[in-house]
Amino acid sequence: MSLHADTRMGRLELRVRDMPGMLAYYTEGVGLEPLADEPGAVTLGHGGTPIVRLTESRDLRPSRRSDAGLFHTAVVYAELPALAATLVRMYERYPHTYAGTGDHLVSQAFYFTDPEGNGVELYHDRPRDQWQWHGNQVQMATLYIDPAEFVSTHLAGVDPTALPPTQAELGHVHLQVGDIASAKAFYVDALGFDQTAALGGSALFVAAGGYHHHMAMNVWNSAGAGPRQNTLGMGVVDILVPTVDELGKADERLRFAGHRPTFDGRTLTVLDPWRNEIRLAVG
């Protein structure tokens, strides 16, 4: 009844007001490359892998800090030097958006807040054989990382301009929700992710295939939040499964749990309890 082990994240849509400013941030700062351009939208990523789609939405209002929605977008880097080089660029061009660090035992992460208030995590996973599991729950923590030491360690003697093309993808999406019980009922019991960690009633981490987390939900700012209004910030969250059969299984689980997904044989779209749009496709 779980999502297939090869399930992974696709891309995240961000609805933005200042398209030029946000495009500059995610290209000149985060370093993502334009992959597809269309009227009012641009898809960004690395090496042909989509990560973020910016959609111009100038008529929408900003979300409030206490609203359900996006906590952060998380980009995972395959190589430590590429992450370190990205941090240098961010510290040089957008130092005011730096928000902190976190050694999570399973990964090393650096946090920023984009110009429209969306959280951004840039991270690298430690090898899976270094992750510690207690039954089916992975051990995670939040320990300090010295950014300067991290950069000097992983760029020592390296010319950043001579690095190979960056390999990165959307590693996970972290949400703000109204309550954890409803999040578990939707993302675990109905959608089919496995719970991999929890912080009491304040946060939940879920994944497929033994990853530490593909999605997370917390109530740190948003306890009691109701359904989202149509605001700036997160749009569609894309999740990729390996076969059409997996879409059909997810459709059955969601309907059995009382949800009303839309399934056209190629993509499955459903709203979570806070009206966050989740879309599954084969990829």
Side-chain angles (χ1 to χ4, degrees), residues 1-14 32 35-36 38 41 43-53 55 70 73-78 106-107 123 125 127-129 131 133 135-138 167-175 182-197 204-217 234-283:
M1 298 300 292
S2 297
L3 286 166
H4 193 280
D6 292 334
T7 298
R8 58 192 176 89
M9 302 307 292
R11 72 178 184 189
L12 177 76
E13 179 190 29
L14 285 178
L32 303 183
L35 302 180
E38 57 191 282
T43 297
L44 307 172
H46 277 301
T49 300
I51 296 175
V52 173
R53 182 179 191 262
T55 302
L70 182 67
T73 306
V75 182
V76 59
Y77 291 77
V106 295
S107 64
Y123 75 106
D125 281 329
R128 288 199 182 204
D129 61 8
W131 303 357
W133 291 83
N136 59 2
Q137 305 294 287
V138 69
Q167 297 180 47
E169 62 186 12
L170 183 64
H172 64 267
V173 174
H174 195 144
L175 306 179
S182 298
K184 183 176 184 295
F186 178 82
Y187 285 98
V188 177
D189 301 336
L191 188 56
F193 278 118
D194 299 319
Q195 177 181 317
T196 56
L204 175 71
F205 301 83
V206 303
Y211 193 52
H212 52 75
H213 66 293
H214 285 113
M215 296 193 72
M217 306 91 207
M234 187 176 69
V236 182
V237 179
D238 282 325
I239 299 171
L240 302 178
V241 298
T243 66
V244 172
D245 186 50
E246 291 300 317
L247 295 178
K249 292 177 181 178
D251 183 58
E252 291 178 4
R253 287 193 302 270
L254 288 161
R255 291 184 185 280
F256 182 79
H259 298 282
R260 296 182 177 180
T262 300
F263 181 35
D264 62 7
R266 296 173 301 170
T267 60
L268 183 154
T269 303
V270 65
L271 299 179
D272 79 0
W274 299 276
R275 298 189 62 80
N276 297 306
E277 186 173 353
I278 309 299
R279 182 170 61 196
L280 278 66
V282 176

Quiz item: Please, which pairs that meet ring pair (Phe, Tyr, Trp, His ring centres under 6.0 Å) have at least one residue in residues 238-261, sequence neighbours excluded?
Solution: Phe186-His259
Practice problem: Using the test side chain to side chain donor-acceptor pair (under 3.5 Å), find all partners of Ser107 that sit at least two apart in sequence or belong to another chain. | Solution: none
Quiz item: Is any side-chain heavy atom of Met215 less than 4.5 Å from a side-chain heavy atom of Leu175?
Solution: yes
Quiz prompt | side-chain contact (heavy atoms from CB on, under 4.5 Å) between Val75 and Tyr123, intermediate numbers included | solution = CA-CA 6 Å; Val75 182; Tyr123 75 106; 5.9 Å; no
Practice problem: Find the distance between OG1 (Thr55) and CZ (Arg53) and round it off to the nearest 0.5 Å. | Solution: 4.0 Å
Quiz item: Taking atom types as modelled, is there a side-chain donor on Thr49 or Glu169 under 3.5 Å from an acceptor on the other?
Solution: no
Practice problem: Could you tell me whether Arg255 atom CZ has more than 12 heavy atoms of other residues or ligands within 6.0 Å of it? | Solution: yes
Exercise. List for me each residue that meets side chain to side chain donor-acceptor pair (under 3.5 Å) alongside Ser182, sequence neighbours excluded, and say none if there are none.
Key: Asp179
Quiz item: Which atoms form the tightest heavy-atom contact between Trp133 and Tyr211, and what is the distance?
Solution: CH2-O, 4.0 Å
Quiz prompt | Closest non-hydrogen atom pair between Leu32 and Leu44, with its separation | solution = CB-CB, 3.7 Å
Quiz item: Judged by modelled atom types alone, do Tyr77 and Asp125 share a side-chain donor-acceptor pair under 3.5 Å?
Solution: no
Quiz prompt | Check against side-chain contact (heavy atoms from CB on, under 4.5 Å), His4 and Leu240 | solution = CA-CA 10 Å; His4 193 280; Leu240 302 178; over 6 Å; no
Practice problem: Would you give the length of the straight line joining atom CZ of Arg279 to atom OG1 of Thr262, rounded to the nearest 0.5 angstrom? | Solution: 12.0 Å
Quiz item: Among pairs that include at least one residue of residues 2-11, which meet salt bridge (Lys or Arg N to Asp or Glu O under 4.0 Å), considering only residues two or more places apart or in two chains?
Solution: Arg11-Asp238
Quiz prompt | Which atom of Leu204 lies closest to which atom of Ala183, heavy atoms considered | solution = CD2-C, 4.1 Å
Quiz item: What do the steps show when you test Leu12 against Ile51 for side-chain contact (heavy atoms from CB on, under 4.5 Å), and what is the final call?
Solution: CA-CA 6 Å; Leu12 177 76; Ile51 296 175; over 6 Å; no
Quiz item: Would a 4.5 Å heavy-atom cut-off, applied to side chains only, mark His212 and Phe205 as touching?
Solution: no
Quiz item: Say you draw a straight line from CG of Asp189 to CG of Leu254; how long is it, rounded to the nearest 0.5 Å?
Solution: 11.0 Å
Self-check item: By side chain to side chain donor-acceptor pair (under 3.5 Å) - contacts of His46 (at least two apart)
Solution: Glu33
Quiz item: Name the one of Leu70, Thr73, Ile278, Asn276 that satisfies side-chain contact (heavy atoms from CB on, under 4.5 Å) with Val173?
Solution: Leu70
Quiz prompt | Contact check, side chains of Val138 and Val106, non-hydrogen atoms, under 4.5 Å | solution = yes
Quiz item: Sequence neighbours excluded, which residues qualify as side chain to side chain donor-acceptor pair (under 3.5 Å) partners of Gln137?
Solution: Gln195
Practice problem: Looking only at non-hydrogen atoms, find the nearest pair between Ala250 and Leu268 and report the distance. | Solution: C-CD1, 4.1 Å
Quiz item: Is there a ring pair (Phe, Tyr, Trp, His ring centres under 6.0 Å) between His172 and His213 once you walk through the steps?
Solution: CA-CA 7 Å; His172 64 267; His213 66 293; 4.0 Å; yes
Quiz item: Got a second to check how far Glu246's CD is from Ile239's CD1, nearest 0.5 Å?
Solution: 13.0 Å
Quiz prompt | Rounded distance [0.5 Å steps], CD in Glu277 versus OG1 in Thr269 | solution = 5.5 Å
Quiz prompt | For Ala281 against Leu247, the heavy-atom pair lying closest together | solution = N-CD2, 3.8 Å
Quiz item: To the nearest 0.5 Å, what is the distance between OG1 (Thr267) and CG (Leu280)?
Solution: 9.5 Å
Quiz item: Which atoms form the tightest heavy-atom contact between Ser2 and Asp194, and what is the distance?
Solution: OG-OD1, 2.8 Å
